[in-house]
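I have placed the structure first, in the form of structure tokens, so that the comments after it can refer back to it.
Values below: every heavy atom of this structure, side chains too, minus hydrogens, waters and symmetry copies. Convention: sequence-line order gives letters A, B, ...; per-chain numbering from 1.
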Amino acid sequence: EAQVTQNPRYLITVTGKKLTVTCSQNMNHEYMSWYRQDPGLGLRQIYYSMNVEVTDKGDVPEGYKVSRKEKRNFPLILESPSPNQTSLYFCASSLMRGVNTGELFFGEGSRLTVL
Amino acid sequence: GEDVEQSLFLSVREGDSSVINCTYTDSSSTYLYWYKQEPGAGLQLLTYIFSNMDMKQDQRLTVLLNKKDKHLSLRIADTQTGDSAIYFCAETSSGGYQKVTFGTGTKLQVIP
């Protein structure tokens, strides 16, 4: 089954304790992206990657890091989480080659709470 | 930068039509999308429209695009309780579809 898988789905942590949210897709998509969803603000892009070893900042990159060592994986790293990073996080992927509509395929989300 | 705006909430009775509206600022938008987010799930593409189209119909869904006013709407005919969800409008410009801008989302509540 074609899918984007995120882990963990739920996490409660404390300020300053490094954490990683993993994202993996099995559709051989070149493009991957991370978003955060906050009430009244919709989805805001954190980082994106157009291919292996290529990453770029989105609209709200502060406090986050990413890496793209393999095509299928795009982990989101919070080196020193703070309470304002409490949010619902989504990973998404998309095909880039060929004729396509740019449809994004989303994971089920990771709800992070930073105390 | 680009901005996409939607009202936050819409309530309709089962069987009625729902109309969800969206305005955007990017005049170079190429694709405009409607995504649906059901409770506890990620977003799924519902439908899309290319910027050179005025209307697109897909079963109970009708998308209308007014490019002059930068206004996009999604009409759901015969709304069902299963249509209760958050609906996101999104757009991407000719600068590259990797930059997709989402609206705030409209929560549709269907009253039985």
Side-chain angles (χ1 to χ4, degrees), chain A residues 2-7 9-10 21 23-25 27 29-51 54-61 68 74 88-111, chain B residues 1-9 20-26 28-53 56 58 63 65 72 85-107:
Chain A
Q3 59 187 2
V4 178
T5 304
Q6 298 178 223
N7 279 296
R9 294 288 314 280
Y10 302 91
V21 186
C23 174
S24 181
Q25 50 92 7
M27 296 170 279
H29 285 169
E30 296 87 356
Y31 177 78
M32 297 185 76
S33 182
W34 276 102
Y35 295 87
R36 59 178 289 174
Q37 182 181 8
D38 300 290
L41 297 177
L43 267 72
R44 293 179 293 168
Q45 189 178 48
I46 304 170
Y47 269 94
Y48 66 93
S49 169
M50 292 173 66
N51 215 326
V54 179
T55 63
D56 273 298
K57 295 177 181 179
D59 297 317
V60 288
R68 187 90 183 272
F74 190 45
L88 179 58
Y89 291 87
F90 286 101
C91 179
S93 71
S94 182
L95 188 64
M96 285 187 68
R97 286 175 295 171
V99 177
N100 68 84
T101 62
E103 176 182 359
L104 288 166
F105 293 82
F106 283 83
E108 292 189 308
S110 296
R111 185 167 290 282
Chain B
E2 300 85 1
D3 195 24
V4 178
E5 293 192 356
Q6 305 175 236
S7 55
L8 290 179
F9 193 74
I20 302 172
N21 294 300
C22 168
T23 57
Y24 59 97
T25 58
D26 189 354
S28 62
S29 294
T30 49
Y31 281 103
L32 295 114
Y33 309 92
W34 285 104
Y35 281 84
K36 178 182 180 182
Q37 183 184 27
E38 296 185 356
L43 283 72
Q44 279 194 304
L45 183 67
L46 199 57
T47 187
Y48 69 92
I49 189 167
F50 192 56
S51 58
N52 67 355
M53 299 167 66
K56 181 179 181 182
D58 183 3
V63 178
L65 174 60
L72 182 74
I86 301 176
Y87 292 81
F88 288 92
C89 172
E91 64 88 22
T92 189
S93 71
S94 55
Y97 69 82
Q98 66 271 16
K99 180 56 184 163
V100 178
T101 302
F102 286 86
T104 53
T106 299
K107 186 171 185 178

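When side chains are defined from C-beta on, B:Tyr35 counts as touching A:Leu104, because their heavy atoms get closer than 4.5 Å.
Proximity to chain B (any heavy atom under 4.5 Å) is shown, for A:Leu43, by both the backbone and the side chain. At a 4.5 Å heavy-atom cutoff, the contact between A:Arg9 and chain B is made by side-chain atoms alone. The contact between B:Gln37 and chain A is made entirely by side chain atoms (from C-beta outward), counting heavy-atom distances below 4.5 Å. Residue A:Gln6: no heavy atom, backbone or side chain, is found under 4.5 Å from chain B.
Counted within 6.0 Å of NZ on B:Lys107, heavy atoms from surrounding residues, nucleotides or ligands total 12 or fewer; the atom is thus considered open. By the 6.0 Å contact criterion, CZ on A:Arg44 is enclosed, its count of non-hydrogen atoms from other residues, nucleotides or ligands being greater than 12. The number of heavy atoms from other shown groups lying within 6.0 Å of CD (A:Gln3) is above 12. More than 12 heavy-atom neighbours from other residues, nucleotides or ligands sit within 6.0 angstrom of OH on B:Tyr24.
For the set A:Asp56, A:Leu88, A:Asp59, the entry with the most heavy-atom pairs within less than 4.5 Å of chain B is A:Asp59.
Here the straight-line distance linking atom CD of A:Glu103 with atom CD of B:Gln44 works out to 8.5 Å at 0.5 Å rounding.
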